[in-house]
Amino acid sequence: MKRNTFILLIVMAVVVLTGCRQSAVDDYVTAVPADAEAVAAVRLDHIVQKAAINNSLLTKMQLSVLTESSALGAAGEALSQFANNPSASGLDFSSPVYLFKRGESMGLSLKVDDESMLDTFVDMLVDKGICTSTRERNGMTWSTIMQEATLVWNDATLLITYPVDNNMAAACMGCTFDDSFAATEAFKSMNERQGDDIALYANAAVLTDSMKDAAKSMMVAGAKWSDVELTAGIAFEAGQTSIDAMLSSKHAKIQETIDHYAETLKPIGAEWMNMVPRGSTAWLLMGANGPRLLEVLKSLPGMKEQLIAMGLGIDVGQMLRAVDGDVLIAMNGNGLVTNDDGDNALAMYAQLANIDFMADVDYWKQSAKEYGISFTTVGNNQYRLKADDVDAYWAVDGTTLYLGTEAYKPLQVQGKNAFSDLMSGQNFFAMIDMSESIPVASTVTISSSGSGQLKLDINMKEKNVNFLKQLPLLALSILNTYN
């Protein structure tokens, strides 16, 4: 029975998308409780238009197969009627659909356009055994879907809660504006993010127990998981989907920590933007405040020990403390590829405020020898560290520090970086080339311009076709790559 319910809900979602029409936005969210742990506001009218779902022959064929499936039984016939005339349901699919999670329950809130038509539609579902007989209570009509989800509505709102939870449904339907998610700062923040197709909110209470265990050392005394919040906006555009997110906290101490972490970064300078090694399969460029970065790293559980272990006879902490400016990390650039062991070629360049640590090189050599590590000079201020499972190079060239798996090569202008305009004003910018592993994709970029802010762009090779239209091909490419 649960399998049939899930199939039914999936098909209904597809049908809803197919039947959407554009109209003015009606921001109703009073059925979404203020203490919801996660909320998504989905603009179905935007998605249908961009994906051209209602004009898609493939979609119609898929709906035909699903609605005629024997697994759905009588539900298939009902869904077929719904697909042919969605407006007969009495629901307004041009308004945002709100999905939310509260405790162990999920909720779906839709706008009612015509309550009498909705009554008739549910009566048809009752006749086919999909819904239980309706009953009136407190000015609302109640039913259940396949004994697994509560269905309740009035002249403004249709609410579905899963699993069956009449108490939660009644509480949600009885919310006033002041008691609802719409009255919260989170709702305001969610809708301020760039991206007008989907708006998202979640707090850390939605994390799994294992995730909470991993993160609990970073929580401050007296704070609740729900104090840590993420809001995001998603936009589906030609050749790209963009996610603009913000991490923040209602708890002053946690927000101070988020801001403190952000202070390890500063705006990227222009000097290295066009010096990213050519052909790099992944790279990261950020402006770094070395002393603050080292302070934060040492505060993370186990990181102080890791820094010591990474030293291999050199003082990594002392090097990081001298960093003041841009840090560039590149993988497989300048024609370098994975070695015979399948390891990637890595290179890190960092701008230095000073090179005082160079006075300790002779001491580092002696220390490395005591640990059985080969520490040799391979050029002017250029060195190689070698042990049983390590082979690394480091160098200082003027005020540039280098650490890498290959011998030092100075950075050179590579021509205008395709992402240089996007890097301007950012504190952090990373690029991953996906074209080899996922043929229809191009790149993924991640950037941040300030405390808690993060932007993720997924870029496709086909730049003139909306991302949603390419989504099926992207999914197939990912499945073929990783299966």
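Listed for the Ser448 side chain is a donor-acceptor partner under 3.5 Å among the backbone atoms of Gln453. With hydrogens and angles ignored, the 3.5 Å screen pairs no side-chain donor or acceptor of Gln255 with any backbone N or O of Lys250. Side chain of Ser226 to main chain of Ala205: no donor-acceptor pair is present (N/O by atom type, distance under 3.5 Å, no hydrogens or angles). Remark: the backbone N or O of Gly103 is paired with a side-chain donor or acceptor of Lys101 at under 3.5 angstrom. A donor-acceptor contact shorter than 3.5 Å is absent between the side chain of Thr281 and the backbone of Asn332. Ser280 places no side-chain N or O within donor-acceptor distance of the main-chain N or O of Ala282, the cut-off being under 3.5 Å. Ser424 contributes no side-chain N or O that, together with a main-chain N or O of Ser420, makes up a donor-acceptor pair within less than 3.5 Å. Checked by atom type and distance alone, the side chain of Thr405 pairs as donor or acceptor with a backbone atom of Leu346 at under 3.5 Å. The main-chain N or O of Arg102 is never found under 3.5 Å from a side-chain atom of Asp35 such that the two would form a donor-acceptor pair. Side-chain atoms of Lys266 never come within 3.5 Å of backbone atoms of Glu263 as a donor-acceptor pair (strictly under, hydrogens ignored).
Separation of atoms CG (Asp123) and CG (Leu118) is listed at 9.5 Å; rounding is to 0.5 Å. Rounding to the nearest 0.5 angstrom, the gap separating the CG atom in Leu476 from the CD atom in Gln470 is 13.0 Å. In this structure, the separation between OG1 on Thr241 and NZ on Lys50 is 8.5 Å, given to the nearest 0.5 Å. In this structure, CG on Leu468 lies 9.5 Å from CD on Glu237, to the nearest 0.5 angstrom. Between the CH2 atom of Trp153 and the OG1 atom of Thr141 there is a distance of 5.0 Å, given to the nearest 0.5 Å. A distance of 9.5 Å separates CD1 in Ile243 from CG in Leu454, rounded to the nearest 0.5 Å.
Ala149 and Tyr162 get closest at one heavy-atom pair: CB-CD1, 4.1 Å. Looking at every heavy atom in both residues, Lys212 comes nearest to Ala204 through CE-O, 3.7 Å. Shortest non-hydrogen contact noted between Glu104 and Pro163 is O-CD, 3.9 Å. Looking at every heavy atom in both residues, Ala221 comes nearest to His251 through O-NE2, 4.1 Å. Closest of all the heavy-atom pairs between Pro33 and Phe100 is CD-CE1, 3.6 Å. The two residues Lys469 and Ala52 come nearest to each other via the heavy atoms CE-CB, 3.8 Å.
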(request) Mind running side chain to side chain donor-acceptor pair (under 3.5 Å) on Asp259 and Ser451 for me, showing each step along the way? (result) CA-CA 5 Å; Asp259 294 339; Ser451 178; 2.5 Å; yes
(request) Take Ile160 and Ile145 through the side-chain contact (heavy atoms from CB on, under 4.5 Å) test and state the conclusion after the steps. (result) CA-CA 9 Å; Ile160 301 173; Ile145 303 173; 4.3 Å; yes
(request) Show your reasoning for whether side-chain contact (heavy atoms from CB on, under 4.5 Å) applies to Trp283 and Asn417. (result) CA-CA 12 Å; Trp283 54 266; Asn417 189 307; 3.7 Å; yes
(request) Please step through side-chain contact (heavy atoms from CB on, under 4.5 Å) for the pair Glu462 and Val440, ending with a clear verdict. (result) CA-CA 8 Å; Glu462 177 53 70; Val440 298; over 6 Å; no
(message) Run the side-chain contact (heavy atoms from CB on, under 4.5 Å) test on Leu471 and Leu474 for me, step by step, so that the C-alpha distance in whole Å, both residues' side-chain angles and the decisive distance to 0.1 Å come before the verdict.
(response) CA-CA 5 Å; Leu471 190 56; Leu474 177 62; 4.2 Å; yes
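Put simply, the residue from Leu159, Leu110, Val42, Val29 that forms a side-chain contact (heavy atoms from CB on, under 4.5 Å) with Tyr98 is Val29. When each of Asp433, Asn459, Leu456, Asp457 is paired with Val444, the side-chain contact (heavy atoms from CB on, under 4.5 Å) condition holds for Leu456 and for no other. For the side-chain hydrogen bond (donor to acceptor under 3.5 Å, both in side chains) with Ser116, the qualifying choice from Asp114, Asp119, Thr120 is Asp114, the only one to do so.
Atom CD of Glu136 has more than 12 heavy atoms from other residues, nucleotides or ligands within 6.0 Å. Heavy atoms from other residues, nucleotides or ligands lying under 6.0 Å from NZ of Lys224 number 12 at most. In Lys463, the NZ atom is crowded: over 12 heavy atoms of neighbouring residues, nucleotides or ligands sit closer than 6.0 Å. Counting non-hydrogen atoms of other residues, nucleotides and ligands closer than 6.0 Å to CG of Asp209 gives a total of 12 or fewer.
Aromatic ring pairs are classed by plane angle as parallel below 30°, tilted from 30° to 60° and perpendicular above 60°; the pair Phe187 and Phe181 is perpendicular.
With hydrogens and angles left out, the side-chain atoms of Thr144 and Thr132 include a donor and acceptor closer than 3.5 Å. With hydrogens and angles left out, the side-chain atoms of Asp45 and Ser94 include no donor and acceptor closer than 3.5 Å. Side-chain contact of Ser249 with Asp227: a donor-acceptor pair under 3.5 Å is absent, judged by distance alone. A donor-acceptor pair shorter than 3.5 Å can be found between the side chains of Gln240 and Ser242.
In this structure the side chain of Asn427 never reaches within 4.5 angstrom of the side chain of Met286, judged on heavy atoms. Counting heavy atoms from C-beta on, the side chains of Leu247 and Tyr261 never come closer than 4.5 Å. The shortest side-chain heavy-atom distance between Leu99 and Met106 does not fall under the 4.5 Å cut-off. Within the 4.5 Å cutoff, no side-chain heavy atoms of Met273 are placed close to those of Asp326. Between Thr443 and Phe419, some side-chain heavy-atom pair lies under the 4.5 Å cut-off. In this structure, Thr445 and Leu422 have side chains that are not in contact, with every pair of non-hydrogen atoms separated by 4.5 Å or more. Counting heavy atoms from C-beta outward, Ser449 and Gln426 have side chains that approach closer than 4.5 Å. Side-chain atoms of Val126 and Val122, non-hydrogen and from C-beta on, do get closer than 4.5 Å to each other.
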